[in-house]
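Inspection log for the structure reproduced underneath, given as structure tokens.
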Amino acid sequence: MTERRILVTSALPYANGHIHLGHLVEYLQTDIWVRFQKLLGRRCVYVCADDTHGTAIMIRARQEGRTEEALIADMQAAHIRDFAAFDIEFDHYGSTHSPANRELCAIFWDGLLKAGLVSEREVTQLYDPVAGTFLADRFVKGTCPRCKSKDQYGDSCEKCHSTYAPTDLIDPVSTISGATPEVRAANHLFINTEQMRPFLVEWTQTADHLYPDVAKWLDAAFLSEPLRDWDVSRPAPYFGFEIPGAPGQYWYVWFDAPIGYVAATKEWCARTGEEFADWWRSDKTDVHHFIGKDITYFHTLFWPVMLKAAGFNLPRMVHIHGFLTVNGEKMSKSKGTFVRAATYLEHLDPACLRYYYASKLTPKLDDLDMNLEEFAAKVNSDLVGKVVNLASRTARFVEGTGLAAKYPDDGGLFAHAAAAASEIAAAYEACDYNRAMRLVMALADRANKYVEDREPWNLRKKAESAAELQAVCTVALNLFRQLVVYLAPVLPRLARQTGELLNRPIRRWDEAQTPLAGTKVNRFERLMDRIEADRVKAMIESSREDAPTAPSQQPTTAASAPAAPAAADGPDALAAEPLAGTISFDEFAKADLRVARVVAAEEVPKSKKLLRLTLSLGGDERRNVFAGIKEAYTPEQLVGRLVICVANLAPRKMTFGMSEGMVVAAGPGGSEIYLLSPDPGAVPGQRIH
RNA sequence: GGGCCCGUAGCUCAGCGGUUAGAGCAGGGGACUCAUAAUCCCUUGGUCGGGUGUUCGAAUCACCCCGGGCCUACCA
């Protein structure tokens, strides 16, 4: 009988950014699971890679004046460094920009073609000649072809609820540049997922490949209606792989990214002499993906279709975790809670984060909250106060004598803890690390009580108690070692140090079943340090310094803002939203921007993003404007202040009423929105030139 | 507005149809002094978000409401 193989992946980090504490939830969750499997002696391989393609990488490389290859090589090196520092141990770490991935993309593509799932359609699309790009439906507006309502989006009319193609619009206008779009034909390649519906329904809904919540969500959100074709091509220029047989067309980054899992495996096989087919084309292999809930869609619909069509193993299980919040809120650059892995390492021990995350992780999609006070308290009390303390308070007493030759009577303590192994293992297996940690800590409590009751510190005072002292310490250190075996997936360094202390390396899970006796005990060295609150504070402070923007809650004036060195401004904002095409002065002058005062502001009750503003342009001129800034500003913050308003924008009917202009602001959206305002002296009604 | 998830002690969470609802930390009292002010014992603290049902029995199931998160739409 052939042993089962387990292949594990974490989602591929994008080569456009550094690893931060949010990423680490996933890589630590996965690494712990893999280490657990390996500790059990199972055949388990963990692969990952950098996700390197796409427009963002291309733009950024251009801005930095170097090749994409140079950019992604640097970023990959940084990622590998960060992962290694956190003891995240991949069997192989590749890149989607690799020969292996290109080759596998072609194999997948071939499979999709043969399955009849690919269609090439010459789509006529609106093209913005000024911005130099094709326009998605929502970036075009015009007059509804049915009911002739003005200012309707390219896909459907809000007035008569009819749907149509953007090319059907009368008098279309690009919402990006205001230019009149041209109709251009472009070749697009699509994957028809609707054809695979019976397979998808069966795969997502029947076997236990997914958490029930996820299966339910997919059913309600996508499978309840016809699945739309997935557009998997992008026209040049694009950083990626050109599609064979389709010159000028490149695979969309989300097409080649998951194939990176397979490519990384293939590279690992080449390196180790393994047979590739054993790992991706074998019913003896279980593939486990670990991902965040944001990319569920890709991994549970598109990816299974691709694998099925190309004849590769389908995932045995997709493990999905929630997001990280810090102190109950989304990570925030301005609050210093957006902490890079490298920044954490400057201040704190990676083992602390490994344990803390483990103590919070469950197999649910719930978000994980990192409460910074709790972080320090939990690590200090559990690891330092309970676990490490056991060795710290007894090892010194047996430095000279070593462990007793025969394991003494301990009243059943060791046997009790040994019996807990299966329950703890089941918790690890189910990704319920929270439960595993609680079980281990309960054992640690019993062990400390044992030491307390036997008072070794008194035994050492009397020569005739020497044997009993050695016996008590032998028990305590064995209980300690047992805990460390159970914690080894989470704390590999502690396991190694413990192996050195007791002269017996910890290599297997079942080492918790047999006590050590008669071994030498080395000089005790501090196994782990307490977390000082100051260190956590310092980490937050230096993360705050990395922040490129001021807090949105307290808009600062230019005068009071600290002078930021220009060199500290990163390229991310520009990369996220590339420069638009050149326009003439006349085109600019069409926009009538005015200074306006917010004279009233109120929340729009049924809307999550909108505030209703009344703007004064001076005199009696008033404008009613809906602005999508609710998450960044309260009405109270706005009333009385000056803003910049687009005064000649065509009025637009919205769900809640007519909007007669817009206020201008910077930022990516959500809570990161920064309204523009003039320097002191400007008055409402003045035009911006 | 539509969809999904969550709401249990001060904090972070377990329990998810059946005895007086639990843990860790924090708080209070005591013990000990080997240990990184660690450990051990005792202890305060909850109408399990609210309401209505189903049931012999509900934190646990159903429905409604309130609050939080995410996806989606409206962000001109």
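Each chain gets a letter, A, B and so on, in the order the sequences are listed, and its residues count up from 1.
The interatomic distance linking A:Asp367 (CG) with B:C5 (C1') rounds to 9 Å, in whole Å. Put simply, CG on A:Leu361 is 11 Å from P on B:A14, counting in whole angstrom units. Nucleotide B:A31 holds its C1' atom 19 Å from the CZ atom of A:Arg454, rounded to whole Å. The interatomic distance linking A:Leu443 (CG) with B:G24 (P) rounds to 13 Å, in whole Å. What separates CE of A:Met370 from P of B:C13 is a distance of 13 Å, to the nearest Å.
Residues satisfying the side-chain contact (heavy atoms from CB on, under 4.5 Å) criterion with A:Glu374, sequence neighbours excluded, are A:Tyr356, A:Lys360, A:Asn371, A:Lys378. Contacts of A:His23 classified as ring pair (Phe, Tyr, Trp, His ring centres under 6.0 Å), with partners at least two apart in sequence or in another chain: A:His20.
Sequence neighbours left out, the pairs with a member in residues 468-477 of chain A that pass side-chain hydrogen bond (donor to acceptor under 3.5 Å, both in side chains) are A:Arg454-A:Glu468.
With respect to A:Glu621 and A:Arg594, no salt bridge is recorded, no charged nitrogen being found less than 4.0 Å from a carboxylate O. Between A:Asp445 and A:Lys449 there is no salt bridge, since none of the side-chain N atoms of the basic residue sits less than 4.0 Å from a carboxylate O of the acidic one.
Aromatic ring pairs are classed by plane angle as parallel below 30°, tilted from 30° to 60° and perpendicular above 60°; the pair A:Phe302 and A:Trp230 is parallel.
Counting non-hydrogen atoms under 4.0 angstrom, A:Ala627 reaches the backbone sugars and phosphates but no base. Using a 4.0 Å heavy-atom cutoff across all strands shown, A:Phe626 reaches sugar-phosphate atoms only and no base atom. A:Thr325 comes within 4.0 angstrom of no nucleic acid atom, judged by non-hydrogen atoms across all strands.
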| note | Once base and sugar-phosphate atoms are separated, protein heavy atoms under 4.0 Å mark nucleotides 36-44 of chain B, 5' to 3', with B, S and - as B-SBSS---
| side chain to side chain contact (heavy atoms under 4.5 Å, CB included) between A:Met370 and A:Asn327: does it pass, once the steps are laid out? | CA-CA 6 Å; A:Met370 178 170 191; A:Asn327 291 338; over 6 Å; no
When the side chains of residues 422-434 of chain A are checked against the rest of the protein, which donor-acceptor pairs come out under 3.5 Å, sequence neighbours left out?
from     : atom 1 : to       : atom 2 : distance (Å)
A:Glu423 : OE2    : A:Arg435 : NH2    : 2.6
A:Tyr428 : OH     : A:Tyr486 : O      : 2.6
A:Glu429 : OE1    : A:Gln37  : NE2    : 3.4
A:Glu429 : OE1    : A:Arg42  : NH1    : 2.8
A:Glu429 : OE2    : A:Gln37  : NE2    : 3.4
A:Asp432 : OD1    : A:Arg435 : N      : 3.4
A:Tyr433 : OH     : A:Gln29  : O      : 2.8
A:Tyr433 : OH     : A:Trp33  : N      : 3.3
A:Asn434 : OD1    : A:Arg438 : NE     : 3.0
A:Asn434 : OD1    : A:Arg438 : NH2    : 3.1
A:Asn434 : ND2    : A:Ser359 : O      : 3.0

| request: Both distances under 3.5 Å, Watson-Crick or G-U wobble: on that basis, could you give the dot-bracket string for RNA chain B, with [ ] for crossing pairs and | for other-strand partners? | output: ((((((((.[[[[.)..(...]]]].(((((.......))))).....[[[[[..)....]]]]])))))))....
